[in-house]
K.L.:
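My structure is below; once you've seen it, I'll send some questions.
The analysis underlying the following values was restricted to heavy atoms, covering all of them including side chains, and did not include hydrogens, waters or symmetry mates. Keep in mind it's a predicted model, so treat the numbers as computed, not measured.
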Amino acid sequence: MSTSFTPQRWVSSTVLGAILGVLLSATLPWATSASALDQDQVLVLVGERPITMTDLETAIGSSTFSVQFPAMDPNDQAALRGDILKRLVAGQLLLLEAERRGLDNDPAYLTQMSAYKRGILYRAYMDKLRADIRIPEAKLAELAETLKDQPEALEPAQNAYISAQYRVLRALALENLKTRYHLVMHDDRLKIGAASDTVLAQADNLNLRLSDILGEDALKTSDDEHVLRDRLFNAVELELVVRAAEAEALDVSAILAAFRAERLPALLLEHMDSEWVTDDILQAYFKNHPGIGYVPEVRHVAQIVVATADEAEALHKRILAGESLYVLAGEHSIDPIGRQNKGDMGWVKEGSGMAEIETAIKDLKDGELSPVIKTAHGYHLVAIYGRSKSQQRPFEVIKDRLHQQIFQENLIMFVNQLSTQFTVDWKLPMAQNNDK
C-alpha cells in the first residue's frame with residue numbers, strides 16, 4: 001500500500017523542476033573542479049538556510065544526468081553543477097515564500113501531508129519487517145549446494161526465500177495488530193442502501209464508516225460491494241500498521257521534510273497560477289502574440305551547390321532543358337552530404353535555412369527551379385518537390401501551450417523578485433570577487 005498526491009493544476013513536480021532550471025539566469029562563476037570543496041561547504045545561503053555541497057551532489061545524483069555525469073567534460077560538469085545549484089536556490093526561495101504566506105497551514109496541504117505521512121509510516125513498518133528477516137545458515141548452505149552449478153541463480157533464490165518469509169511474517173504481524181487493537185469488522189454491513197455513517201470496522205479509538213471509504217455517495221450496485229470490501233480491508237490494514245509504526249517511533253522525519261520542501265513550492269505556484277493565468281489573460285496573450293500559433297511550412301528540398309557562377313548557370317540551363325537535378329547533383333555538387341544523397345536534402349522546416357536561400361525560395365512553386373543563389377558556401381540551385389503547408393492553429397488548440405508560456409514568464413519574474421526579497425548570499429569560492 002502507498003499514498004501519493006497529484007497537484008490540482010498543471011504545475012507538476014517535473015514541470016516545476018524543468019522551469020526552475022532556467023531561473024536566476026546570471027552565470028555562476030563555478031570552478032571546473034569541485035574536488036577541493038568539503039561536503040559540508042556552504043555554497044549559498046538563502047535567507048538563513050544553507051545549501052551545501054552535499055545538497056548539490058544529492059541533487060545531481062537524483063537528476064537525469066546522474067549516470068552520464070562522471071564521464072562529462074569538466075566544463076560540462078561545472079555548467080551542470082551551476083544549473084542545478086540555481087534550481088536549488090529557486091526552490092528554496094519558493095519554499096520561503098510559501099512559508100511566509102502560511103501555506104504550511106493550508107487545509108489542503110495538511111490533508112496531503114497527513115495522507116503522505118501515513119503512507120510513509122506504513123512503508124517504513126513493512127520495510128522494517130522485511131529487513132529483520134535473516135536466512136538461516138543451514139538454508140544458505142542448502143541453496144548454495146543446490147545451485148552450485150548455477151551461481152547466477154543464488155541471489156534470486158535467496159531473494160525469493162526472503163519474499164516468502166516476508167509474506168508469512170506480514171500476515172502474522174497483521175493478525176497480531178488486529179488482536180492488539182481489538183479490531184472488530186462489520187463488513188457484512190456493506191449493502192446497497194447502507195447509510196454513509198454506517199460503521200464498518202471498530203478498534204481502539206477507531207470507528208471506520210462507509211463515508212470514510214466511499215465519501216458521501218451511496219452504495220448503489222452489487223459490484224460496488226466487492227470493490228469497497230477490498231478498500232475497507234486496505235483502509236483497516238493501513239490504520240493498524242500506522243498505529244504500530246507510531247508506537248515504535250519509526251523516524252520518517254527526513255522523508256517528510258523532503259516532501260514538504262517539494263510540495264509547498266508546488267502549492268505556492270498552484271496559487272500563483274490562478275492569479276497569473278485567467279481566460280482573459282490567455283485571450284489577450286494570443287491576440288498580442290499571433291506567431292505562437294504559427295506552424296511553419298515544411299518543404300521537401302533538393303539542391304546543387306557548385307563553386308562558380310558560370311557552372312551554376314550552365315547546370316541551370318541543363319535542368320530547365322530536362323535533365324535531372326538529382327543526377328546532376330550526384331555528379332557536380334561540392335556539398336559532400338548533398339552529393340552523397342544526390343541533392344536530396346529531405347524535409348526542411350521553413351526558416352531553418354540560410355537567409356539568402358530562404359528569401360529566394362519563399363515563393364517558389366513545387367517543381368520549379370530557383371535562380372542561381374549565392375551564399376558563403378557557393379552557388380546554389382534549389383527546387384521544392386513537396387511541402388506541408390503552414391497553418392495558424394486556433395486558440396483552443398494551443399491554449400495549454402499559451403498557459404505554460406505565460407506561467408513560465410511570470411515565474412521567472414517572480415523568482416527573481418524573491419531573490420531580492422530574501423537574501424541570497426553566494427559562497428562559491430570563485431564568486432567571492434564577483435558581483436552577486
Side-chain angles (χ1 to χ4, degrees), residues 14-15 18 21-22 64-65 67-69 71-73 75-76 79-80 83 285-405 408:
T14 302
V15 171
V22 303
T64 56
F65 302 99
V67 176
Q68 301 98 322
F69 187 80
M72 284 183 178
D73 176 88
N75 290 322
D76 292 335
L80 182 59
D83 181 71
Y285 194 93
F286 180 70
K287 180 179 179 181
N288 294 328
H289 300 81
I292 198 170
Y294 179 74
V295 179
E297 181 175 272
V298 182
R299 305 150 175 161
H300 187 191
V301 174
Q303 75 164 345
I304 301 174
V305 188
V306 292
T308 68
D310 289 343
E311 188 177 5
E313 292 291 354
L315 290 172
H316 189 274
K317 292 177 182 178
R318 291 174 64 179
I319 294 169
L320 292 180
E323 292 191 57
S324 167
L325 181 151
Y326 292 115
V327 171
L328 293 175
E331 295 173 351
H332 299 281
S333 186
I334 61 173
D335 171 27
I337 296 177
R339 184 166 187 160
Q340 179 182 347
N341 294 320
K342 296 186 176 180
D344 189 348
M345 307 307 292
W347 290 87
V348 180
K349 184 186 296 186
E350 171 193 353
S352 61
M354 289 179 284
E356 303 93 328
I357 295 179
E358 288 289 333
T359 299
I361 68 173
K362 181 178 180 181
D363 298 318
L364 210 61
K365 297 186 174 87
D366 287 0
E368 182 181 359
L369 184 65
S370 73
V372 175
I373 307 167
K374 181 182 179 182
T375 75
H377 298 282
Y379 295 84
H380 304 247
L381 297 172
V382 182
I384 298 174
Y385 289 112
R387 72 184 76 208
S388 173
K389 292 286 189 181
S390 64
Q391 55 179 301
Q392 183 69 40
R393 290 179 176 169
F395 172 78
E396 289 301 329
V397 172
I398 65 165
K399 187 175 180 179
D400 287 345
R401 182 180 170 193
L402 292 170
H403 191 147
Q404 183 172 349
Q405 181 70 25
Q408 182 167 338

K.L.:
Given 3.5 Å as the limit, does a donor-acceptor pair link the side chain of Gln391 with the main chain of Val295, or not?
P.N.:
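It does not hold such a pair.
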K.L.:
To check you understand the geometry: which heavy-atom pair defines the closest contact between Leu381 and Ala312, and what is its length?
P.N.:
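So the two residues come closest at CD1-O, 3.6 Å.
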K.L.:
Measuring from Asp400:CG to Gln405:CD, what's the distance to the nearest 0.5 Å?
P.N.:
13.5 Å
K.L.:
So that I can tick it off, tell me whether Lys362 and Glu297 are bridged by a salt bridge, with the cut-off set at under 4.0 angstrom between side-chain N and carboxylate O.
P.N.:
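Here Glu297 does not pair with Lys362 in a salt bridge, since their nearest N and O are not under 4.0 Å apart.
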K.L.:
Tell me which pairs pass ring pair (Phe, Tyr, Trp, His ring centres under 6.0 Å) where either residue lies in residues 303-343, with sequence neighbours left out.
P.N.:
Tyr326-Tyr385
K.L.:
Filter on side-chain hydrogen bond (donor to acceptor under 3.5 Å, both in side chains), then keep only pairs touching residues 336-350, sequence neighbours left out; what's left?
P.N.:
Tyr294-Glu350, His300-Asp344
K.L.:
So do Val301 and Ile357 actually touch side chain to side chain, heavy atoms under 4.5 Å?
P.N.:
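The answer is no, as the side chains (C-beta and beyond) never meet within the 4.5 Å cut-off.
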K.L.:
Within this structure, what is the CG-CG distance for the pair Asp310 and Leu315, rounded to the nearest 0.5 Å?
P.N.:
11.0 Å
K.L.:
Give, for atom CG of Leu325 and atom CD of Gln303, the distance between the pair rounded to the nearest 0.5 Å.
P.N.:
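It is 9.0 Å, given to the nearest 0.5 Å.
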K.L.:
Atom CZ of residue position Phe395 - does it have more than 12 heavy atoms of other residues, nucleotides or ligands inside 6.0 Å?
P.N.:
yes
K.L.:
Got a sec: does the CD1 of Ile337 have more than 12 other heavy atoms crowding it under 6.0 Å?
P.N.:
no
K.L.:
Determine the minimum heavy-atom distance between Gly378 and Val305, stating which atoms define it.
P.N.:
CA-CG1, 4.2 Å
K.L.:
Walk me through whether Val298 and Val348 qualify under side-chain contact (heavy atoms from CB on, under 4.5 Å).
P.N.:
CA-CA 5 Å; Val298 182; Val348 180; over 6 Å; no
K.L.:
Does Leu364 reach the side chain of Arg299, with side-chain heavy atoms less than 4.5 Å apart?
P.N.:
no
K.L.:
Any heavy-atom pair between the side chains of Leu328 and Glu331 that's under 4.5 Å?
P.N.:
yes
K.L.:
Could you list all the ring pair (Phe, Tyr, Trp, His ring centres under 6.0 Å) pairs where at least one residue sits in residues 349-376, not counting sequence neighbours?
P.N.:
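For residues 349-376: none.
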K.L.:
Among residues two or more places apart or on two chains, list those pairs meeting ring pair (Phe, Tyr, Trp, His ring centres under 6.0 Å) that have a residue in residues 351-384.
P.N.:
none
K.L.:
For a quick test of reading the model, state the closest non-hydrogen atom pair linking Asp73 to Asn75 and the distance between them.
P.N.:
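Closest approach of Asp73 to Asn75, heavy atoms only: OD2-N, 2.8 Å.
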K.L.:
From Thr308 OG1 over to Ile334 CD1, what is the distance, rounded to the nearest 0.5 angstrom?
P.N.:
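So the gap between those two atoms works out to 9.0 Å.
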K.L.:
Can you list everything that forms a salt bridge (charged side-chain N to carboxylate O under 4.0 Å, His left out) with Glu311? Sequence neighbours excluded, please.
P.N.:
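If we apply the salt bridge (charged side-chain N to carboxylate O under 4.0 Å, His left out) test to Glu311, skipping adjacent residues, there are no hits.
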K.L.:
To the nearest 0.5 angstrom, please state how far the NE2 atom of His403 sits from the CD1 atom of Ile398.
P.N.:
13.5 Å
K.L.:
Checking Arg393 now: which residues fulfil side chain to side chain donor-acceptor pair (under 3.5 Å) with it, not counting sequence neighbours?
P.N.:
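In terms of side chain to side chain donor-acceptor pair (under 3.5 Å), with neighbours along the sequence ignored, Arg393 is linked to no residue.
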K.L.:
Distance from Leu402 atom CG to Ile292 atom CD1, nearest 0.5 Å?
P.N.:
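Leu402 CG to Ile292 CD1: 4.5 Å, rounded to 0.5 Å.
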